[in-house]
Amino acid sequence: MKFNTKTIHGGQQHDPSTGAVMPPIYQTSTYAQSSPGTHKGYEYSRAANPTRTALENSFASIENGTHGFAFSSGLSAIDCVLKMLNPGDEIIAGDDLYGGTYRMFTKMFEKYGLKFHFVNMEIPSNILPLINKNTKLIWLETPTNPLMKIADIQEISSLVKKIDSNILVAVDNTFATPYLQLPLDLGADIVMHSATKYLGGHSDIVMGALMVKDAKLAEELHFIQFAGGAVAGPQDCFLALRGIKTLHIRMQRHCENGMAIAQFLEQHPKVAEVFYPGLTSDKNHAVAKKQMKDFGGMVSFKLKDESRATAFKILENFKVFTLAESLGGVESLVNHPVTMTHASIPEKEREIIGITDSLIRLSVGIEDIEDLLKDLENALNN
Ligand SMILES: *Cc1c(COP(=O)(O)O)cnc(C)c1O
């Protein structure tokens, strides 16, 4: 099946008991057994639930994996991956991560004896001096949040695997979605999503996803999902499945609108810098073009005026874009990373990587582009 068919049919079957085309919401915690241990494949919904199974099969299908897992949030999906590791293990991660991921790594898992190294993944060889016998996991985000940096998944995976094929490469594919890039095909072992964002697509759920193509890895992750218990509920699974069915057409419009907005900002006199890998002027355009089908709907920019007051005034001016955390929904959102999504990163580190007061991040939705451009123009000029 091609991708645009997989979003609708991948891993799906009509409900075996009724023929229902959409999977019913199996709002149940438990399942009748005819004799102890004799059941129809479902015992207790933390282990498995039919609505979740339908979604997990869709997850696997759209990322070209063999197994998918649905979690109660994106962060709980990351938590599951880290729980495969042992004290003393080391992780090499990108230096421009989603704030909550960084917070989990440094504030939760360091105290359990995991060691994290943060490097600029734009230069794949940056990881080489950090690899040692304790290295167990490479954690990539590409494009990154919020600076839209690009990591070459294929190059990094092959560098790492040449040194030690047991080191796992995981990619947070939230920003790109499988419509734009397929990390498992590029050599990664694990794909992670905040399904809260583009996969769900309608800002109505909080959910996480993992996808893998290796049966042993799937078994380990399923054990932690089951034993740790951070599973997604059936109602949310239904909504995610419904969202995924339009992923490809939503993404098409996100990409068109994203490019138009990035080009508009690039020539705007009040804008100092635009971060969008689709611009030919972007420092990572070539790598982005190699591994992505298009460039998505996330656009960040910095104002020439570096004061927080000016940024706040502009943020308050938006009418079509909503000032809110999160991204990836059909509606356009605007966000101030320093005070909102990335407030958990210490100021010093933020400054070093370039998350400053004048940085504004847009999640460009699928509204009419004329209305979005007018809103942006108006917000910048008032
Ligand atoms: C939102 C987000 C997360 C966290 O996911 P939640 O669903 O909010 O727990 C992780 N990575 C990226 C890139 C995100 O945007």
Side-chain angles (χ1 to χ4, degrees), residues 55 59 63 68-83 91 93-109 116 118 121 137 139-151 153 170-181 183 188 190-211 225 228-233 236-237 239-240 243-244 251 254 258 275 277 292 296-300 324-329 333-337 340-345 353 355 359 361-365:
L55 174 63
F59 279 168
E63 283 286 0
F69 302 95
F71 294 85
S72 51
S73 69
L75 287 181
S76 62
I78 302 175
D79 177 86
C80 178
V81 174
L82 291 179
K83 282 176 177 160
I91 298 97
D95 65 358
D96 178 29
L97 298 176
Y98 174 70
T101 305
Y102 180 83
R103 178 176 56 206
M104 174 183 283
F105 287 0
T106 55
K107 296 258 166 69
M108 283 179 61
F109 280 98
F116 295 89
F118 299 96
M121 293 284 185
L137 177 68
W139 189 268
L140 299 178
E141 251 182 55
T142 181
T144 64
N145 179 4
L147 292 172
M148 305 302 294
K149 290 189 195 170
I150 302 291
I153 300 170
V171 177
D172 181 337
N173 207 25
T174 301
F175 269 38
T177 82
Y179 175 79
L180 297 181
Q181 88 194 353
I190 301 172
V191 171
M192 174 263 153
H193 278 271
S194 169
T196 313
K197 316 293 170 54
Y198 287 104
L199 297 191
H202 297 76
S203 304
D204 51 9
I205 53 168
V206 173
M207 186 188 283
L210 294 178
M211 296 82 160
Q225 183 196 37
V231 295
D236 286 356
C237 289
L239 288 170
I244 287 170
M251 285 309 293
H254 282 299
F275 304 89
M292 298 169 76
M298 298 302 298
V299 183
S300 297
E325 303 214 3
S326 200
L327 59 105
L333 302 179
V334 57
N335 162 58
H336 188 239
M340 296 168 69
T341 45
H342 292 68
S344 59
I345 300 177
I353 55 180
I355 303 177
L359 180 71
R361 187 191 79 183
L362 302 174
S363 171
V364 180

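Atoms within each ligand, like the ligands themselves, are counted from 1 in listed order.
Nearest to atom 4 (C) of ligand 1 among the protein's heavy atoms is Tyr98 CE2, 3.4 Å.
Atoms of ligand 1 found under 4.0 Å from any heavy atom of Met207, numbered from 1 in the order shown, are 7 (O). The distance from ligand 1 to the heavy atoms of Ser194 drops below 4.0 Å at these ligand atoms: 1 (C), 2 (C), 3 (C), 4 (C), 5 (O), 6 (P), 7 (O). Heavy-atom proximity to Asn145, at under 4.0 Å, picks out these atoms of ligand 1: 15 (O). Per-residue contacts place Leu327 under 4.0 angstrom from the following atoms of ligand 1 (heavy atoms of the residue considered): 15 (O).
Heavy atoms from both the backbone and the side chain of Leu75 come within less than 4.0 Å of ligand 1. Heavy atoms of Lys197 found under 4.0 angstrom from ligand 1 belong exclusively to the side chain.
In terms of polar-atom proximity, defined here as any N/O pair under 3.5 Å, Gly74 does make such a contact with ligand 1. Looking at ligand 1, you'll find an N or O of Asp172 within less than 3.5 Å of one of its N or O atoms.
Taking the six-membered ring for Trp and thresholds of 30 and 60 degrees, Tyr198 and His254 have ring planes more than 60 degrees apart, a perpendicular arrangement. Ring geometry for Phe118 against Phe116 counts as parallel: the plane angle stays under 30°, on a 0 to 90° scale with 60° as the upper cut.
At distances below 3.5 Å, at least one donor-acceptor pair connects side-chain atoms of Thr142 with backbone N or O atoms of Ala151. Within the 3.5 Å criterion, the main-chain N or O of Ser194 finds a donor-acceptor partner in the side chain of Thr174.
Leu97 does not count as a contact of ligand 1, since none of its heavy atoms falls under 4.0 Å from the ligand.
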